[in-house]
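Worksheet for the structure shown next.
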Amino acid sequence: KQRIFSGMQPTDGSLHLGNYIGALSQWVALQDSYDALYCVVDLHALTVQPDPALLRERTRRTAAQYLAGGIDPERSILFVQSHVAEHAELAWLLACQTGFGEAGRMTQFKDKSAKQGADGTTVGLFTYPVLMAADILLYDAALVPVGEDQRQHLELTRNLAERLNTRFGEGTAVVPEPHIVKAVAKVYDLQDPTAKMSKSNAGGKGVVWLLEDPKKAVKAIKAAVTDADETYAVRYDPETKPGISNLLTIFSAVTGRDVGAIAADYDGRGYGYLKVDLADAVVAFLEPFQERANTYLSDPAQLDAVLADGADRAREIARPVSDRIYERFGLLPAR
Ligand code: TYM
């Protein structure tokens, strides 16, 4: 079996529907066909200087949501990035292979650093994609399932892997392929169907959080911005009907039904019916999800044991890969 790696940052108290549809649900679908590692990337979250107690809590909450979403810790390796020291170590080696300009061209870095100013921007934010490359190369991952916004970071990872193979010999690194499923790779903000769903838009009113009160989700869906055209047709057409198409994508993801079949059910009846039923479908998805997540969170010792076991299994894969890359770089073996 080929290996896959992916991760999410524990930067909020909850994941949102974009994280679920674009990433987590894809991870679940892939875990039988691949040897999968799913990581809570807590070191990446340090770039926003979280409160230590909150970071600890959010790391567990993120892991609990992986489990609630269907990641099976028997079949997949579920772990926390900082538990495997090799991530940070390999990041240094890769930082020494990354051009300053190359890292500076990352659009996420450009956007965030522009908002924060030179002194508000940390060196960690700048080297963030290098740490992400280390996450992936450390496991010789062949495939990386992510949303559209990670495409450029994946391209950097591939360039670094190829560079290592050129400089230190073939077989130094596996060049990973992105796994980005077009139909779900970008879930849009409910208030602005041209922007990706993310807490940084419009005060977060267009975001559905997986662990929030489902009543808020209902409100957000009913207030969703739709497309004004004469017909009020319900059909999947992201170009001319971005708002409705986004609602159809979400509807399909939470029910498992086909987008076209859902559109056919509502076409000619107007947007209101679609929103009401979508709100019901999202609640029907959120309630059992939250119940499962809360069950995992109610027993932190058991959750920590699952994560410790995952870290042990991750380390077994990471150590020989790390040894190989260290050796190729010419670092003197410790013994
Ligand atoms: P993060 O934590 O921002 O997001 C986690 C995953 O959710 C996807 N995503 C979305 N997908 C569809 N629609 C949206 N609106 C949406 N918003 C977010 C993201 O594409 C991502 O797949 N740098 C990564 C974390 C990371 C990582 C890695 C990923 C660190 N190391 C190694 C893969 C492999 C990030 O910040 O994702």
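Just so you know, ligand 1 is whichever comes first in the structure, and atom 1 is the first atom listed for that ligand.
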Inset, instruction - Please write down residue, atom name and distance for the protein heavy atom closest to atom 22 (O) of ligand 1. - result: G147 N, 3.2 Å

Inset, instruction - Heavy-atom distances under 4.0 Å are what count here, so tell me which part of A185 touches ligand 1: side chain, backbone, both or neither. - result: backbone

Legend entry - ligand 1 contact on V187 by region, counting heavy-atom pairs under 4.0 Å: both

Legend entry - Passing candidate, ring-ring contact (aromatic ring centres under 6.0 Å, His included) with Y66, options F289, W27, Y296, Y38: W27

Inset, instruction - Answer side chain, backbone, both or neither: which part of M197 comes under 4.0 Å from ligand 1, heavy atoms only. - result: both

Legend entry - Nearest heavy atoms of P238 and S245, plus distance in Å: N-OG, 3.3 Å

Legend entry - side chain to side chain donor-acceptor pair (under 3.5 Å) against Q26, all qualifying residues, sequence neighbours excluded: none

Legend entry - Nearest option to atom 16 (C) of ligand 1, as decided by whichever heavy atom of A45, G18, P10 sits closest: G18

Legend entry - Protein heavy atom at shortest distance from atom 37 (O) of ligand 1: Q150 NE2, 3.7 Å

Inset, instruction - Would you please indicate if the ring centroids of F109 and H153 are separated by under 6.0 Å? - result: no

Inset, instruction - Please report the closest heavy-atom contact between A63 and L307, naming both atoms and the distance. - result: CB-CD2, 3.9 Å

Legend entry - Interfacing atoms of ligand 1 (cut-off 4.0 Å, heavy-atom, V41): 30 (C), 31 (N)

Inset, instruction - Below 4.0 angstrom from a heavy atom of V146, which ligand 1 atoms are there? Numbered from 1 as shown, please. - result: 22 (O), 29 (C), 33 (C)

Legend entry - Atoms of ligand 1 close to G22 [distance to a heavy atom under 4.0 angstrom, numbered from 1]: 11 (N), 12 (C)

Legend entry - Per-atom contacts, ligand 1 versus I136 - under 4.0 Å to a heavy atom: 32 (C), 34 (C)

Legend entry - For ligand 1, the portion of V144 having any non-hydrogen atom under 4.0 Å away: side chain

Inset, instruction - Determine whether the aromatic ring centres of F79 and H87 lie less than 6.0 Å apart. - result: yes

Legend entry - Nearest non-hydrogen protein atom, atom 32 (C) of ligand 1: F5 CE2, 3.5 Å

Inset, instruction - Considering only non-hydrogen protein atoms, determine which one is nearest to atom 20 (O) of ligand 1 and report residue, atom name and distance to 0.1 Å. - result: D149 OD1, 2.4 Å

Legend entry - K182 bridged to E148 by N-O distance under 4.0 Å: no

Inset, instruction - Could I get the full list of salt bridge (Lys or Arg N to Asp or Glu O under 4.0 Å) partners for D149, not counting sequence neighbours? - result: K196

Legend entry - Nearest non-hydrogen partners of Y139 and D135, listed with the distance: CD1-O, 3.1 Å

Inset, instruction - Just let me know how D135 lines up against ligand 1, side chain, backbone, both or neither, with a heavy-atom cut-off below 4.0 Å. - result: side chain

Inset, instruction - Check L131 against ligand 1 and report side chain, backbone, both or neither, counting heavy atoms closer than 4.0 Å. - result: neither

Legend entry - Y128 heavy atom under 4.0 Å from ligand 1: yes

Legend entry - Electrostatic pair D265:R257 at N-O distance under 4.0 angstrom: yes

Legend entry - Salt bridge R315-E86, side-chain N to carboxylate O under 4.0 Å: no

Inset, instruction - List every atom of ligand 1 that sits less than 4.0 Å from any heavy atom of K186, numbering the atoms from 1 in the order shown and giving each element. - result: 12 (C), 13 (N)

Inset, instruction - Check if H16 has a non-hydrogen atom at a distance under 4.0 Å from any atom of ligand 1. - result: yes

Inset, instruction - Give the residue and atom name of whichever protein heavy atom lies nearest to atom 29 (C) of ligand 1, and the separation in Å to one decimal. - result: G7 O, 3.5 Å

Legend entry - Ionic contact status for D309 with R313, cut-off 4.0 Å: yes

Legend entry - Minimum-distance protein heavy atom relative to atom 9 (N) of ligand 1: N19 ND2, 3.7 Å

Inset, instruction - May I ask you to identify the nearest protein heavy atom to atom 2 (O) of ligand 1, giving residue, atom name and distance to one decimal place in Å? - result: Q9 N, 3.0 Å

Inset, instruction - Distance to 0.1 Å, residue and atom name: give those for the protein heavy atom nearest to atom 6 (C) of ligand 1. - result: A23 CB, 3.7 Å

Legend entry - Heavy-atom donor-acceptor pair, D42 side chain to S82 backbone, under 3.5 Å: yes

